[in-house]
Amino acid sequence: MKSELRLAHGRVRAWRDGDQASLARHANDREVWINLRDRFPHPYTVVHADAWIGEMLATAPVRNWAIEVDGEAAGGIGITELDDINRHSAEIGFWLGRRHWGRGIVTEAVRALSEYALAELEVLRLFAHVFDWNPASARVLEKAGFVREGVLRRSAIKDGRTIDQFLYARVRE
């Protein structure tokens with residue numbers, strides 16, 4: 001990827017040393033955590049942020065980026081490429097600190113990263129899972145060109161509840 005993807009309200013860029021404090025501040029929010037997989041810790045501390053940044057600095061090629069808003073890392077976005085028979089598919093995931101919700105920032109980031117992945121990587125299909133209680137993320141994906149393909153009934157356990165997930169995808173034609 002280019003060193004960054006510019007957005008109207010920020011940019012998508014590689015994680016860097018020095019992002020730890022802002023990452024921990026924005027990530028340490030139950031309202032963020034409730035919509036993410038359990039591997040995203042809560043509470044989220046500077047120790048977690050330091051481990052994440054260290055992992056990102058040691059990983060190439062870059063597949064997880066910071067969403068920078070107002071000069072600081074305020075969220076994250078990434079893709080996980082699959083293998084074997086699914087080798088042309090990738091999952092996209094994203095989050096943003098609550099202070100920046102409702103400004104279209106994540107929609108811009110998802111759109112920009114999706115266009116990059118579908119044009120520059122060997123990805124034909126991008127997909128995402130959205131918990132049934134999270135219509136905001138569903139709307140982000142729809143605005144970024146993703147189509148709801150179905151419901152994965154009772155497919156996830158989050159915060160002690162068994163829930164449905166919506167499957168969204170965007171494909172390269």
Exercise for the section: May I have all residue pairs that pass ring pair (Phe, Tyr, Trp, His ring centres under 6.0 Å) and include part of residues 132-154, sequence neighbours excluded? Expected result: Phe131-Trp133
Practice task
Can you run down the ring pair (Phe, Tyr, Trp, His ring centres under 6.0 Å) pairs that involve residues 75-96, sequence neighbours left out, and say none if there aren't any?
Solution key: Phe40-Trp95
Practice task
Under the side chain to side chain contact (heavy atoms under 4.5 Å, CB included) rule, collect the residues that match up with Thr80, sequence neighbours excluded.
Solution key: none
Can you list every salt bridge (charged side-chain N to carboxylate O under 4.0 Å, His left out) pair that touches [range], not counting sequence neighbours?
range: residues 18-28; result: Arg13-Asp19, Arg25-Glu72
range: residues 50-61; result: none
range: residues 76-87; result: Arg63-Glu81

Exercise for the section: Using the test ring pair (Phe, Tyr, Trp, His ring centres under 6.0 Å), find all partners of His42 that sit at least two apart in sequence or belong to another chain. Expected result: Trp33
Practice task
Report yes if the side chains of Arg172 and Val123 come closer than 4.5 Å at any heavy-atom pair, otherwise no.
Solution key: no
Handout entry: Residue pair Phe127 / Arg170, side-chain heavy-atom distance below 4.5 Å
Key = no
Who passes salt bridge (Lys or Arg N to Asp or Glu O under 4.0 Å) against [X], sequence neighbours left out?
X: Arg148; result: none
X: Arg16; result: Glu68
X: Asp38; result: Lys158
X: Asp29; result: Arg98

Problem - Ring centers of His9, His100 separated by less than 6.0 Å - result: no
Could you tabulate the donor-acceptor pairs under 3.5 Å formed by side-chain atoms of residues 134-145, not counting sequence neighbours?
unit_1 : atom_1 : unit_2 : atom_2 : d
Asn134 : OD1    : Ser137 : N      : 3.1
Asn134 : ND2    : Asn35  : OD1    : 3.3
Asn134 : ND2    : Ser137 : OG     : 2.9
Glu142 : OE2    : Tyr168 : OH     : 2.9

